[in-house]
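What follows is a single structure, written as C-alpha coordinates, with notes after it.
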Amino acid sequence: MTAAVILAAGSGSRLGGVAKALLVCEGRTFLQRIVTLVRGPSVVVVGAPFGDAVAEHAASLEGVHVVVNPDPSRGMASSIALGFQHVQAFELTDALLWPVDHPFVQASTLTALVEADADVARPIYQGRGGHPPLIRRRWWKDFAACDQVEGGARGVMSRLRVVDVVVDDPGVVRDVDTSEDRKALT
(Lines give C-alpha, C1' and ligand atoms only; values in the text may rest on other atoms or scores of the structure.)
Protein backbone atom coordinates (compact mmCIF):
# COMPACT_ATOMS: atom_id res chain seq x y z
CA MET A 1 0.00 0.00 0.00
CA THR A 2 1.02 3.55 -0.68
CA ALA A 3 -0.04 6.67 1.21
CA ALA A 4 -0.70 10.05 -0.34
CA VAL A 5 -0.23 13.63 0.77
CA ILE A 6 -2.83 15.53 -1.24
CA LEU A 7 -2.35 19.28 -1.42
CA ALA A 8 -5.74 21.04 -1.43
CA ALA A 9 -5.13 24.24 0.55
CA GLY A 10 -4.99 26.62 -2.42
CA SER A 11 -7.42 29.44 -3.08
CA GLY A 12 -7.85 28.63 -6.79
CA SER A 13 -7.30 32.31 -7.58
CA ARG A 14 -6.27 31.70 -11.21
CA LEU A 15 -9.59 29.91 -11.65
CA GLY A 16 -11.53 32.81 -10.20
CA GLY A 17 -11.51 31.53 -6.63
CA VAL A 18 -12.76 27.93 -6.59
CA ALA A 19 -11.85 24.85 -4.59
CA LYS A 20 -10.03 22.64 -7.09
CA ALA A 21 -10.61 19.59 -4.88
CA LEU A 22 -14.36 20.00 -5.45
CA LEU A 23 -14.25 20.43 -9.23
CA VAL A 24 -16.14 17.63 -10.97
CA CYS A 25 -15.11 15.66 -14.01
CA GLU A 26 -17.01 12.61 -15.26
CA GLY A 27 -19.19 12.54 -12.16
CA ARG A 28 -16.41 12.59 -9.56
CA THR A 29 -14.61 15.38 -7.77
CA PHE A 30 -10.89 15.80 -8.28
CA LEU A 31 -10.37 14.63 -4.70
CA GLN A 32 -12.47 11.50 -5.28
CA ARG A 33 -10.55 10.67 -8.45
CA ILE A 34 -7.22 10.82 -6.59
CA VAL A 35 -8.35 8.98 -3.46
CA THR A 36 -9.77 6.18 -5.63
CA LEU A 37 -6.33 5.58 -7.17
CA VAL A 38 -4.33 5.64 -3.93
CA ARG A 39 -3.74 2.17 -2.49
CA GLY A 40 -3.56 3.35 1.09
CA PRO A 41 -4.62 6.18 3.39
CA SER A 42 -4.51 9.78 2.25
CA VAL A 43 -3.74 12.97 4.13
CA VAL A 44 -5.53 15.92 2.56
CA VAL A 45 -4.13 19.31 3.53
CA VAL A 46 -6.81 22.00 3.41
CA GLY A 47 -6.86 25.71 4.20
CA ALA A 48 -8.84 28.90 3.85
CA PRO A 49 -10.90 29.95 2.09
CA PHE A 50 -12.28 26.51 1.12
CA GLY A 51 -10.93 24.39 3.96
CA ASP A 52 -14.28 23.68 5.60
CA ALA A 53 -16.00 22.63 2.37
CA VAL A 54 -13.09 20.44 1.25
CA ALA A 55 -12.76 18.90 4.73
CA GLU A 56 -16.48 18.07 4.77
CA HIS A 57 -16.20 16.38 1.38
CA ALA A 58 -13.01 14.55 2.40
CA ALA A 59 -14.76 13.20 5.51
CA SER A 60 -17.20 11.39 3.22
CA LEU A 61 -14.37 9.48 1.52
CA GLU A 62 -12.88 6.29 2.94
CA GLY A 63 -9.30 6.39 4.23
CA VAL A 64 -8.94 10.17 4.10
CA HIS A 65 -7.45 12.16 6.98
CA VAL A 66 -7.81 15.94 6.97
CA VAL A 67 -5.08 18.30 8.13
CA VAL A 68 -5.72 22.03 8.30
CA ASN A 69 -3.01 24.45 7.22
CA PRO A 70 -3.76 27.50 9.39
CA ASP A 71 -1.89 29.83 7.03
CA PRO A 72 -1.61 28.56 3.44
CA SER A 73 -0.26 31.97 2.41
CA ARG A 74 3.10 30.75 3.77
CA GLY A 75 3.39 28.75 0.55
CA MET A 76 3.11 25.20 -0.69
CA ALA A 77 6.04 24.03 1.47
CA SER A 78 3.95 24.70 4.57
CA SER A 79 1.25 22.32 3.32
CA ILE A 80 3.78 19.69 2.26
CA ALA A 81 5.42 19.84 5.69
CA LEU A 82 2.09 19.45 7.50
CA GLY A 83 1.08 16.55 5.29
CA PHE A 84 4.32 14.66 5.82
CA GLN A 85 4.22 15.32 9.57
CA HIS A 86 0.88 13.49 9.65
CA VAL A 87 1.61 10.73 7.14
CA GLN A 88 4.44 9.47 9.38
CA ALA A 89 1.81 7.85 11.61
CA PHE A 90 1.03 5.35 8.83
CA GLU A 91 2.94 2.07 8.77
CA LEU A 92 3.74 2.32 5.07
CA THR A 93 6.91 2.63 3.02
CA ASP A 94 5.90 5.06 0.27
CA ALA A 95 3.94 8.28 -0.07
CA LEU A 96 2.82 10.16 -3.13
CA LEU A 97 3.02 13.96 -3.05
CA TRP A 98 -0.08 14.88 -5.04
CA PRO A 99 -1.39 18.35 -5.91
CA VAL A 100 -5.17 18.07 -6.14
CA ASP A 101 -5.21 19.81 -9.53
CA HIS A 102 -3.61 16.71 -11.15
CA PRO A 103 -6.56 14.27 -11.00
CA PHE A 104 -6.01 12.52 -14.33
CA VAL A 105 -3.07 10.25 -13.46
CA GLN A 106 -3.42 6.61 -14.50
CA ALA A 107 -3.10 3.64 -12.14
CA SER A 108 -0.29 2.20 -14.30
CA THR A 109 1.80 5.27 -13.50
CA LEU A 110 1.48 4.66 -9.77
CA THR A 111 2.60 1.05 -10.26
CA ALA A 112 5.66 2.20 -12.24
CA LEU A 113 6.59 4.71 -9.51
CA VAL A 114 6.31 2.11 -6.74
CA GLU A 115 8.52 -0.29 -8.69
CA ALA A 116 11.28 2.29 -9.27
CA ASP A 117 14.47 1.96 -7.24
CA ALA A 118 14.87 5.51 -5.96
CA ASP A 119 14.59 7.83 -2.97
CA VAL A 120 12.11 9.77 -5.08
CA ALA A 121 10.46 8.50 -8.27
CA ARG A 122 9.17 11.27 -10.52
CA PRO A 123 6.88 10.60 -13.49
CA ILE A 124 8.03 11.98 -16.84
CA TYR A 125 5.78 12.36 -19.87
CA GLN A 126 7.26 13.43 -23.22
CA GLY A 127 10.28 14.93 -21.48
CA ARG A 128 8.28 16.91 -18.91
CA GLY A 129 8.41 16.23 -15.19
CA GLY A 130 5.03 15.62 -13.63
CA HIS A 131 3.06 14.68 -10.54
CA PRO A 132 2.80 12.88 -8.24
CA PRO A 133 6.34 12.01 -7.18
CA LEU A 134 6.66 8.97 -4.93
CA ILE A 135 8.81 9.47 -1.82
CA ARG A 136 10.29 6.65 0.25
CA ARG A 137 9.58 6.65 3.98
CA ARG A 138 13.19 7.26 5.08
CA TRP A 139 12.86 10.80 3.64
CA TRP A 140 9.46 11.70 5.08
CA LYS A 141 11.08 13.50 8.03
CA ASP A 142 12.95 15.74 5.60
CA PHE A 143 9.75 16.64 3.79
CA ALA A 144 8.03 17.21 7.13
CA ALA A 145 10.57 19.99 7.69
CA CYS A 146 10.73 21.30 4.11
CA ASP A 147 9.13 24.58 5.13
CA GLN A 148 12.37 25.29 7.03
CA VAL A 149 14.63 24.61 4.02
CA GLU A 150 15.57 27.03 1.29
CA GLY A 151 13.68 25.96 -1.80
CA GLY A 152 11.08 23.98 0.18
CA ALA A 153 10.36 20.49 -1.15
CA ARG A 154 12.50 21.13 -4.23
CA GLY A 155 15.38 21.99 -1.93
CA VAL A 156 14.94 18.67 -0.14
CA MET A 157 14.64 16.76 -3.42
CA SER A 158 17.84 18.33 -4.75
CA ARG A 159 19.78 16.35 -2.11
CA LEU A 160 18.14 13.01 -2.90
CA ARG A 161 18.46 10.41 -5.63
CA VAL A 162 15.55 11.26 -7.89
CA VAL A 163 14.82 8.79 -10.66
CA ASP A 164 12.77 9.90 -13.63
CA VAL A 165 10.21 7.26 -14.56
CA VAL A 166 9.07 7.65 -18.16
CA VAL A 167 5.35 6.97 -18.47
CA ASP A 168 2.81 7.08 -21.28
CA ASP A 169 0.41 9.13 -19.18
CA PRO A 170 -0.43 12.74 -20.08
CA GLY A 171 -2.27 12.97 -16.75
CA VAL A 172 1.02 13.51 -14.92
CA VAL A 173 1.48 16.88 -16.62
CA ARG A 174 -2.17 17.87 -17.03
CA ASP A 175 -3.24 20.24 -14.32
CA VAL A 176 -6.20 22.57 -14.00
CA ASP A 177 -5.00 26.09 -13.28
CA THR A 178 -6.82 28.39 -15.68
CA SER A 179 -10.35 28.94 -16.94
CA GLU A 180 -9.27 27.35 -20.25
CA ASP A 181 -8.13 24.23 -18.37
CA ARG A 182 -11.48 24.15 -16.59
CA LYS A 183 -13.47 24.51 -19.82
CA ALA A 184 -11.59 21.51 -21.23
CA LEU A 185 -13.14 19.35 -18.48
CA THR A 186 -16.57 19.44 -20.10
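It should be emphasised that the depicted structure is a prediction, and the values quoted were computed from it without experimental measurement.
Evaluated for a side chain to side chain contact (heavy atoms under 4.5 Å, CB included) with Val167, the options Thr109, Leu113, Ile124 yield exactly one hit, Thr109.
Other residues, nucleotides and ligands contribute over 12 non-hydrogen atoms within 6.0 Å of the NE2 atom of His57. Environment of CE in Met76: sparse, with no more than 12 heavy atoms of neighbouring residues, nucleotides or ligands closer than 6.0 Å.
In summary, the side chains of Ser78 and Asp147 do not present any donor paired with an acceptor at a separation below 3.5 Å, with no hydrogens or angles considered.
In this pair, Phe84 and Phe143 present their aromatic rings tilted. The plane angle is within the 30 to 60° band.
Considering only heavy atoms from C-beta on, Val38 comes within 4.5 Å of Trp98 through its side chain. Residues Phe30 and His102 are not in side-chain contact: their nearest non-hydrogen atoms beyond the backbone lie 4.5 Å or more apart. Looking at Leu110 and Thr2, their side chains never come closer than 4.5 Å, going by heavy atoms from C-beta outward. Within the 4.5 Å cutoff, the side chain of Val44 has no heavy atoms near those of the Val5 side chain.
Side-chain N or O atoms of Lys20 include one that pairs as donor or acceptor with a backbone N or O of Val176 at under 3.5 Å. Side-chain N or O atoms of Gln85 include one that pairs as donor or acceptor with a backbone N or O of Ala144 at under 3.5 Å. Formation of a donor-acceptor pair under 3.5 Å by the Arg161 side chain with backbone atoms of Asp117 is found in this model.
In the hydrophobic clustering of ILVMFWY residues, with side-chain heavy atoms under 4.5 Å counting as a link, Val67 and Leu97 come out together.
Asp94 has no carboxylate O lying under 4.0 Å from a charged side-chain N of Arg137, or vice versa, which leaves the two without a salt bridge. For Arg138 and Asp119, the salt-bridge test passes: some basic side-chain N is under 4.0 Å from an acidic carboxylate O.
Between atom CG of residue Leu82 and atom CZ of residue Arg74 there is a gap of 6.0 Å, rounded to the nearest 0.5 Å. Distance check: Asp168 CG to Gln126 CD gives 8.0 Å after rounding to the nearest 0.5 Å. Note that the SG atom of Cys146 and the NZ atom of Lys141 stand 15.0 Å from one another [nearest 0.5 Å].
Between Phe90 and His65, the ring center distance clears the sub-6.0 Å criterion.
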